[in-house]
**Q** 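Let me begin by handing over the structure; questions about it come next.
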Amino acid sequence: MTRRCTRCIYDETISNITFDEQGVCNYCHMHDRLNAEYPTGAAGEARLQALVAQIRQAGRGRKYDVIVGVSGGCDSSYLLYRTVQLGLRPLAVHFDNTWNSTTAVENIHDVLKKLDVDLYTYVVDNKEYDDIYRAFLEVGVPDVEAPIDIGLAAVLSMAAEKFGVQYIFEGHSFRTEGISPLGWIYMDGRYIRSVHRRFGTLPMRTYPNMLLGDFLKWTAVLQLKKIRPLYFMDYNKSEAMALLSRELGWEWYGGHHLENRFTAFWHTYFMPQRYGIDTRLLGYAALVRSGQASRDQALEWVSQPQPYDPELVEMVVKRLGYTREELDRLMQQPHKTYRDYPSYKKTFEFLRPLFWLLYRLNRVPKSFYLKYTFPDPLPERQS
Ligand SMILES: [Zn+2]
């Protein structure tokens with residue numbers, strides 16, 4: 001029998017999980033620490049208002065106060081809506097990796113039009129981008145989604161630099177999205193470059209990678225500040241979705257992270273079939289911890305097998321130029337981790353005092369400091 005946290009729904013399949021005497025997991029304790037550090041309610045509102053004043057001050061004489069990343073999903077659409085409500089002048093920024101679902105594209109269009117917000121889109125060359133995804137599938141690691149996250153982070157900073165904006169809002173909420181298990185997914189710009197060098201066939205020209213030099217320029221020299229305002233808001237996912245569709249004509253696309261087709265493939269097919277990992281656990285556990293769903297309800301949700309769309313899998317196979325047999329071979333090849341390839345992990349650990357300072361100055365998220373600058377105790381290779 002697998003041991004399961006008595007408070008949330010994480011079980012022993014979650015990497016680096018530990019339990020206290022009451023059977024409560026370390027991720028629940030992490031949630032409680034974040035909850036104390038980022039209050040909601042009146043205290044959260046006061047922190048938000050102070051932040052808004054600072055951001056307005058920094059945006060004086062400029063066209064925009066803040067960059068807000070948008071994906072067409074619920075979190076980022078809601079964040080943009082609240083940013084406008086707070087009286088800030090946002091520039092919406094979208095990293096188009098050419099795998100958007102139609103609903104996502106329509107959502108971005110409808111929400112921005114209703115809110116009268118400008119959009120800056122960075123589109124990567126689709127052949128070049130698919131080449132990077134292929135390289136990640138070939139090397140045998142789980143982190144196949146790293147290129148979208150690193151690309152998005154780079155594009156947000158590029159837009160801030162281009163438009164002279166100091167602040168960047170990110171639509172993450174630990175209360176609804178959860179805390180991804182330590183050592184589960186790893187990503188950095190050097191890792192992407194080394195994986196691509198190993199198996200890529202096209203030059204990397206338009207992909208917005210984030211190498212250490214860019215990262216330090218944006219955080220330490222230009223001093224761009226990344227803020228997660230949802231941390232201070234009473235953000236209730238189902239209420240937010242209802243509000244967005246009522247007020248902005250926004251449309252639900254059927255599951256967290258599923259607004260992008262490759263992301264949907266990774267969550268619903270790649271991770272469950274290759275690693276037996278159900279990424280829905282993250283979000284459901286978060287909703288339980290923040291009281292937005294009962295534990296029984298969440299257990300009921302995860303007891304249903306993760307559905308996947310066979311047509312989506314066919315589409316991915318075709319677009320990446322594989323046959324079904326080739327994909328099956330990639331799905332079954334030995335498991336590797338980021339440790340098998342050059343990355344910045346050791347550099348990040350060496351620079352831990354610098355990143356502590358950058359976290360204290362709001363230049364990098366606390367989760368980055370915790371996840372990237374400490375030696376990784378796990379995971380043992382599962383091959
Ligand atoms: Zn727990």
Side-chain angles (χ1 to χ4, degrees), residues 1-41 43-44 74-75 142-143 145 149 170-187 228 230-241 255-258 266-268 271-272 275-306 337 359 365-380 382:
M1 179 93 181
T2 333
R3 189 165 182 200
R4 198 183 283 279
C5 173
T6 52
R7 179 176 156 196
C8 73
I9 56 166
Y10 275 9
D11 61 20
E12 284 170 320
T13 63
I14 298 286
S15 62
N16 292 303
I17 197 164
T18 54
F19 300 95
D20 69 11
E21 315 80 68
Q22 275 77 45
V24 174
C25 79
N26 51 325
Y27 294 98
C28 280
H29 288 296
M30 229 182 261
H31 171 94
D32 290 342
R33 283 195 299 274
L34 285 168
N35 209 33
E37 190 171 343
Y38 301 99
T40 57
C74 175
D75 301 336
D143 319 302
E145 266 293 87
D149 288 336
E170 294 178 322
H172 184 267
S173 164
F174 65 91
R175 293 185 183 90
T176 60
E177 263 190 85
I179 304 159
S180 64
L182 303 167
W184 193 354
I185 294 304
Y186 182 85
M187 61 184 78
R228 296 176 164 182
L230 294 177
Y231 281 19
F232 297 113
M233 296 176 185
D234 293 300
Y235 177 51
N236 181 296
K237 195 104 181 186
S238 41
E239 285 170 17
M241 289 197 279
H256 183 43
H257 288 312
L258 306 188
W266 186 84
H267 281 279
T268 61
M271 289 303 274
Y275 293 95
I277 284 179
D278 185 345
T279 62
R280 296 174 305 172
L281 275 175
L282 260 83
Y284 293 158
L287 293 178
V288 173
R289 290 183 202 119
S290 61
Q292 298 186 38
S294 72
R295 188 169 179 273
D296 286 346
Q297 174 69 76
L299 286 173
E300 158 68 21
W301 284 332
V302 286
S303 72
Q304 310 292 331
Q306 166 88 283
T337 77
Y359 142 63
K366 185 178 192 178
S367 55
F368 175 90
Y369 169 70
L370 291 177
K371 275 173 70 175
Y372 287 79
T373 72
F374 288 87
D376 199 351
L378 207 126
E380 73 285 356
Q382 300 171 316

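Atoms within a ligand are numbered from 1 in the order they appear, just like the ligands themselves.
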**Q** Before you tell me yes or no, could you show the steps for Asp11 and Thr13 under side chain to side chain donor-acceptor pair (under 3.5 Å), namely the whole-Å CA-CA distance, both residues' side-chain angles and the distance that decides it to 0.1 Å?
**A** CA-CA 5 Å; Asp11 61 20; Thr13 63; 2.4 Å; yes
**Q** To the nearest 10 degrees, could you say what angle the Zn ion (ligand 1) makes with SG of Cys28 and SG of Cys25?
**A** 120°
**Q** Enter the distance from Phe19:CZ to Arg4:CZ here, rounded to the nearest 0.5 Å.
**A** 9.5 Å
**Q** Please state whether the separation between the Zn ion (ligand 1) and some N/O/S atom of His31 is under 2.8 Å?
**A** no
**Q** Can you sort out the partners of Tyr359 under side-chain hydrogen bond (donor to acceptor under 3.5 Å, both in side chains), two or more places apart, ordered by chain and number?
**A** Glu37
**Q** Taking the inter-plane angle between the rings of His31 and Phe174 on a 0 to 90° scale, is it parallel (under 30°), tilted (30 to 60°) or perpendicular (over 60°)?
**A** perpendicular
**Q** Please note down the angle at the Zn ion (ligand 1) between SG of Cys5 and SG of Cys8, to the nearest 10°.
**A** 110°
